[in-house]
Amino acid sequence: MTDFDLKHTLECGQSFRWQRFNGWYYGVVGGRLLKIRQEDGTLIIESSADESDAELETFLHHYLDLNRDLPTILRQVDIDDYIHLAIETFWGMRVLNQELWECLASFILSQNNNVPRIKGIIRILSARFGESLTLDDQVDYSFPPPEVLAEAGVDALFDCRMGYRAPYLWEAAASITAGKFDMDNLKCLPYVEAKQELIQFKGIGEKVADCVCLFSLGHIEALPIDVWIKRIVEQIYLKRQATIREIREFAQSYFGEYLGYAQQYLFHYARVIGFNTPGR
DNA sequence: TTCCAGGAGAGAG
DNA sequence: CTCTCTCATGGA
């Protein structure tokens with residue numbers, strides 16, 4: 001395994017489920033609690049589930065997006081000094097393929113919210129409605145499926161401190177439980193159609209739909225435009241205020257088909273390092 | 001105290 | 001179509 005960095009991949013704000021402890025990353029994926037550590041080119045993994053190494057490896061290869069040719073992608077978007085620094089700094093960071101329902105639900109909760117608090121809400125939600133999983137002395141909880149949250153009711157969700165987003169999450173859970181929305185079909189649709197379907201949910205707009213397309217459905221051309229991406233494009237590239245549409249049109253023509261990957265490097269770099277363009 | 005966060009819906013114009 | 005106001009929460 002090459003061109004992969006576990007730390008950057010799990011800490012760049014695309015997933016809300018991983019936490020570092022004693023040099024390991026613990027997280028729940030696919031109903032199992034995992035602990036992972038990277039030593040140079042190899043990953044050391046333990047699972048709470050009773051499964052074969054081959055099974056786990058296949059799952060993780062897809063989840064961590066290891067099947068994609070990262071150098072080719074990064075070479076293609078490495079076209080100016082600022083993103084070059086981002087790529088250099090976070091080389092090996094990959095865009096995850098997260099589970100659809102958890103990703104959709106998580107990003108409904110993400111609107112007008114910050115990463116630490118999103119993580120907190122998801123932790124409460126999982127602890128209250130998920131199933132307990134144990135690995136070593138660590139305990140965590142699976143993400144509750146739609147039918148469990150639909151059954152729980154809006155008030156119970158509101159008690160998880162998610163504020164006005166509670167009815168959005170509940171309606172999505174109820175609609176999926178009632179069979180009004182086909183999650184498997186969504187995985188088969190091309191980017192533009194998948195995004196269009198996602199926007200039908202109350203509480204999912206263009207930005208959250210793009211997050212689901214990028215972080216779960218494998219559409220690496222998707223561009224979620226949040227306050228950070230808006231600031232980056234305005235300050236670093238356009239050097240003026242711009243509308244969401246202008247930002248999208250610029251970014252698509254500038255970065256091309258791997259826009260989603262470019263976006264994640266820019267997002268993480270701006271948040272962690274800042275907006276200073278390399279003096280030259 | 002006010003501002004901000006991986007925004008979106010409702011209403012006005 | 002675009003612009004503005006509002007929404008619950010907690011940390012800075």
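Numbered from 1 within each chain, the chains take letters A, B, ... in sequence-line order. Computed from a predicted model, the values in this text were never measured in an experiment.
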What nucleotide among B:dG7, C:dA8, B:dG6 has an atom nearest to a side-chain atom of A:Pro224? B:dG6
CG-CD1 distance between A:Asp210 and A:Ile204, expressed to the nearest 0.5 angstrom: 11.5 Å
Under 4.0 Å, counting only non-hydrogen atoms across every strand here, what does A:Gly203 touch: a base, just sugar-phosphate, or nothing? sugar-phosphate
Which whole number of Å gives the distance between the C1' atom of B:dC4 and that of C:dT6? 16 Å
Nearest whole Å is fine: how far is B:dA8 C1' from A:Asp210 CG? 14 Å
Between B:dA8 (C1') and A:Glu171 (CD): distance, integer Å: 13 Å
Mind checking who shares a hydrophobic cluster with A:Tyr141, ILVMFWY linked at side-chain heavy-atom distances under 4.5 Å? A:Val139
Looking at B:dG9, does its base get a donor-acceptor pair with the side chain of A:Tyr164 below 3.5 Å? no
Side chain of A:Tyr168: nearest nucleotide among B:dG9, C:dA8, B:dG6? B:dG9
Touch check for A:Arg271, heavy atoms < 4.0 angstrom, all strands: base, sugar-phosphate only, or nothing? sugar-phosphate
Measure NZ/A:Lys207 against P/B:dG6 and give the value in whole Å, please. 8 Å
Pick base, sugar-phosphate or nothing for A:Phe267, based on heavy-atom distances below 4.0 Å to the nucleic acid. base
Donor-acceptor pair, A:Ser216 side chain versus A:Cys213 backbone, under 3.5 Å? no
Could you check how far CG of A:Leu169 sits from P of C:dA8, rounded to whole Å? 16 Å
Note: A:Glu234-A:Arg240 ion pair, threshold 4.0 Å (strictly below): no
Distance, rounded to the nearest Å, where A:Asn113 contributes CG and C:dG11 contributes C1': 11 Å
Does A:Glu246 CD have over 12 foreign heavy atoms under 6.0 Å away? yes
Interatomic distance where CG belongs to A:Asn114 and C1' belongs to C:dA8 [whole Å]: 12 Å
Kindly write out the residues that satisfy ring pair (Phe, Tyr, Trp, His ring centres under 6.0 Å) with A:Tyr254, not counting sequence neighbours, or none if the list is empty. A:Tyr237, A:Phe250
On a whole-Å scale, what distance lies between the P atoms belonging to C:dA8 and B:dG11? 16 Å
Where along residues 242-262 of chain A does a heavy atom fall under 4.0 Å from DNA chain C? A:Arg245
With a non-hydrogen cut-off below 4.0 angstrom, is A:Phe215 in contact with a base, only sugar-phosphate, or nothing? base
When you look at A:Asp65 and A:Tyr261, which way does the side-chain contact (heavy atoms from CB on, under 4.5 Å) test go after all the steps? CA-CA 11 Å; A:Asp65 208 37; A:Tyr261 255 90; 2.6 Å; yes
Heavy atoms under 4.0 Å, any strand shown: does A:Ile204 hit a base, just sugar-phosphate, or nothing? sugar-phosphate
In whole Å, measure the gap between the P atoms of C:dC5 and B:dG6 for me. 24 Å
Report the distance from atom CE of A:Met162 to atom P of C:dG10, rounded to the nearest whole Å. 12 Å
Considering only side-chain heavy atoms of A:Gln14, which listed nucleotide, B:dG9, B:dG6, B:dA8, is closest? B:dG6
Just how far, in rounded Å, is C1' of B:dG6 from CD of A:Gln98? 12 Å
Any donor-acceptor pair under 3.5 Å joining the side chain of A:Gln263 to the base of B:dG6? yes
Does A:Arg165 use its side chain to pair, donor to acceptor, with the backbone of A:Ile108 at less than 3.5 Å? no
Does the ring of A:Phe107 meet both stacking tests against the six-membered base ring of B:dG6: centre distance under 5.5 Å and plane angle under 30°? no
Is the distance from OP1 or OP2 of C:dG10 to the nearest side-chain N or O of A:Arg161 less than 4.0 Å? yes
